[in-house]
Amino acid sequence: MAETAEFDVAIVGGRVAGASLALLLARQGRRVAMVDRDAFPSDTLSTHFMAPLAVMQLGQLGVLSDVLAAGFRPIVRHRTYVEDCLLEGPAGPPGAFSLSPRRSVLDPLIVEHAVRAGVTFSGRTRAERLIERDGRVAGIVVSSAGSEMREIRARVVVGADGKHSKVAELVRAESYDAVPAMRPMYYGYFHGLVPLPEATTELFCGGGQIGFVFPMRPDEDCIALELQPGDFDDMRRDPKRGFDERVSALPGMAKRFASARLEGKLMGAKGIDNYFRVPFGPGWALTGDAGYLKDPSTGLGMGDALAQAFMLADALGAYFDGADWDAAMTAFHRRRDERMKPLYEATLAFTRMRDPSPGQADRLRAICMLPPVARRILSKLPRHFTSMVSPATAARVESLVPQFHAARERDAGAARERETHAVSI
Ligand SMILES: Cc1cc2nc3c(=O)[nH]c(=O)nc-3n(C[C@H](O)[C@H](O)[C@H](O)COP(=O)(O)OP(=O)(O)OC[C@H]3O[C@@H](n4cnc5c(N)ncnc54)[C@H](O)[C@@H]3O)c2cc1C
């Protein structure tokens, strides 16, 4: 069996979690090997919504300008429908935006940056086994088509290998707070959907399902449906017909969707499990979906993978610089869970949430058709919403408020400066 030089880190999985971690570690000057069984560029099962915070992290990684250069549109508005009533607002605080980059573009871009930073990347290369030495994981055995198995020895092996993580299986990583999959999902890429005037993410809650429109590039949208478990078999019989009927029935979509053409085929998933895994042990760590998985309805997976990459790169960096392994990784575990638990709970709550009863939906319609009532309720919402959501969700809302305030102050300052300038001229 061939043996390669020793690396600081061997990463299994080269998509958003693995490649971002590889890039950050290479920038620290670590020797990083990364393998992925897929050929790149390629797609993976995922819709593509990235919230403003995730977009900011792409900026911190240094890949955002390349993603924008690939044509993905900054999404500036966000719509949520409850039945046929809607609430619309900005997609993020002023200056921020969300994005829906295709994984076949995003993942290879991060890999490209990682390779430029010095990462040794092998595509079409599968991790088969772990190497152990003195009770610690000390590398991986990999196979690639047409060549013999080889060893990649490393001080740490990271499983960034997604929800069916081989690394997690081999180290028998324990899971906790697990909740089984709740909802199936179907999605596809469409051309010819009549767009809204500004790039807007749309969420349609009603009829026992959630519909999503994610604008990607001009004339390219990802449309998704999250269904009830009982709907899956029915959809599977004729996915295209079922999908078209359901999307056409969403508010405002009959005309907009009438000339939309599906690119390729619809993708479907019976449901995504929810769990945390203990993310480290002797010589190994887990990140991305391998360490923490949840239903995709809140569109947090990629952003959470990026956030974990930053946290794990800090922890591994501290270890390589001499910190104790258990201390550094226990701190990572705690930091990860502190940050991700509220998002996990919010995702479970959103996935479990059911439509208002027909009577309540009619009351909502009546409220929306009377502007003074709708205005009064919306005006009161900022004072009373804390009694309607969990403390963690309320805290999330509150954390965004200062950003709107700061932007308003900035605008006011700039306006004052313009006036002073005009007077002095
Ligand atoms: C239907 C659906 C819709 C979603 N929509 C969104 C969304 O809108 N927004 C969002 O942020 N998230 C979404 N997600 C979640 C998101 O896709 C994941 O959170 C994200 O892909 C996690 O990235 P990752 O790098 O951890 O894993 P993955 O993207 O799964 O990558 C893992 C990689 O590991 C490789 N691998 C696995 N085993 C091996 C092995 N033995 N050897 C070598 N390589 C291996 C695989 O080939 C793969 O390339 C969605 C998920 C699904 C299923």
Side-chain angles (χ1 to χ4, degrees), residues 49 51-52 75-98 183 193-215 223-228 246-257 297-299 342 345-409 411-412:
F49 176 73
I75 300 170
V76 292
R77 305 287 293 168
H78 192 100
R79 270 188 184 186
T80 305
Y81 291 80
V82 175
E83 304 293 347
D84 49 0
C85 304
L86 77 92
L87 198 65
E88 181 177 329
F97 53 86
S98 41
R183 287 186 169 224
L193 177 77
V194 176
L196 294 178
E198 292 182 285
T200 303
T201 305
E202 297 172 82
L203 238 87
F204 300 87
C205 308
Q209 62 180 23
I210 309 174
F212 304 82
V213 175
F214 301 115
I223 303 179
L225 289 175
E226 200 168 275
L227 307 164
Q228 294 296 333
R246 284 168 181 269
V247 172
S248 303
L250 298 173
M253 286 295 272
K255 277 196 184 144
R256 288 174 61 202
F257 188 64
S297 57
T298 42
E345 295 302 332
T347 299
L348 292 177
F350 187 59
T351 314
R352 287 185 182 123
M353 203 184 286
R354 290 295 173 260
D355 297 335
S357 68
Q360 295 298 345
D362 290 342
R363 203 154 282 124
L364 185 60
R365 290 185 183 103
I367 289 168
C368 287
M369 63 170 275
L370 296 168
V373 182
R375 183 180 175 190
R376 178 166 290 267
I377 288 174
L378 282 182
S379 308
K380 287 192 169 189
L381 203 52
R383 257 177 291 146
H384 298 296
F385 81 98
T386 46
S387 62
M388 300 175 198
V389 299
S390 70
T393 306
R396 222 171 130 210
V397 174
E398 290 304 335
S399 71
L400 292 168
V401 174
Q403 297 181 48
F404 286 96
H405 179 74
R408 211 159 14 82
E409 294 282 296
D411 288 349

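Remember, predicted model here, so these are calculated numbers, not experimental data. Just the heavy atoms: all of them, side chains too, but no hydrogens, waters or symmetry mates, feed the values below. Along the sequence shown, residues carry numbers from 1.
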Closer than 3.5 angstrom, by distance alone: can the side chain of [X] be matched with the main-chain N or O of [Y] as a donor-acceptor pair?
{"X": "R183", "Y": "T351", "value": "yes"}
{"X": "Q228", "Y": "G208", "value": "yes"}
{"X": "R256", "Y": "A254", "value": "no"}

Straight-line distance of [X] [atom1] to [Y] [atom2], nearest 0.5 Å:
{"X": "I210", "Y": "F350", "atom1": "CD1", "atom2": "CZ", "value": "4.0 Å"}
{"X": "L225", "Y": "F212", "atom1": "CG", "atom2": "CZ", "value": "8.5 Å"}
{"X": "S98", "Y": "H78", "atom1": "OG", "atom2": "NE2", "value": "7.5 Å"}
{"X": "L381", "Y": "R376", "atom1": "CG", "atom2": "CZ", "value": "14.0 Å"}
{"X": "T393", "Y": "M388", "atom1": "OG1", "atom2": "CE", "value": "13.0 Å"}
{"X": "I75", "Y": "F97", "atom1": "CD1", "atom2": "CZ", "value": "9.5 Å"}

Would the number of heavy atoms belonging to other residues, nucleotides or ligands and lying under 6.0 Å from CZ of R375 be above 12?
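It does not: R375 CZ has 12 such atoms or fewer within range.
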
Is any side-chain heavy atom of [X] closer than 4.5 Å to a side-chain heavy atom of [Y]?
{"X": "F204", "Y": "V213", "value": "yes"}
{"X": "L87", "Y": "L378", "value": "yes"}
{"X": "V389", "Y": "R396", "value": "no"}
{"X": "P251", "Y": "L86", "value": "no"}
{"X": "L193", "Y": "M253", "value": "yes"}
{"X": "L203", "Y": "E226", "value": "no"}

Considering all heavy atoms, the nearest [X]-[Y] contact:
{"X": "P371", "Y": "M369", "result": "CD-O, 3.3 Å"}
{"X": "E398", "Y": "P402", "result": "O-CD, 3.1 Å"}
{"X": "Q403", "Y": "S399", "result": "NE2-O, 3.9 Å"}
{"X": "P52", "Y": "A96", "result": "CB-CB, 3.9 Å"}

Is there a side chain to side chain contact (heavy atoms under 4.5 Å, CB included) between L250 and E202 once you walk through the steps?
CA-CA 11 Å; L250 298 173; E202 297 172 82; over 6 Å; no

I223 and F257: side chain to side chain contact (heavy atoms under 4.5 Å, CB included), yes or no, with the steps?
CA-CA 10 Å; I223 303 179; F257 188 64; 3.7 Å; yes

Under the salt bridge (Lys or Arg N to Asp or Glu O under 4.0 Å) test, which residues partner R365, sequence neighbours left out?
D84, D362

Set of side-chain hydrogen bond (donor to acceptor under 3.5 Å, both in side chains) partners for R77, sequence neighbours left out
E88

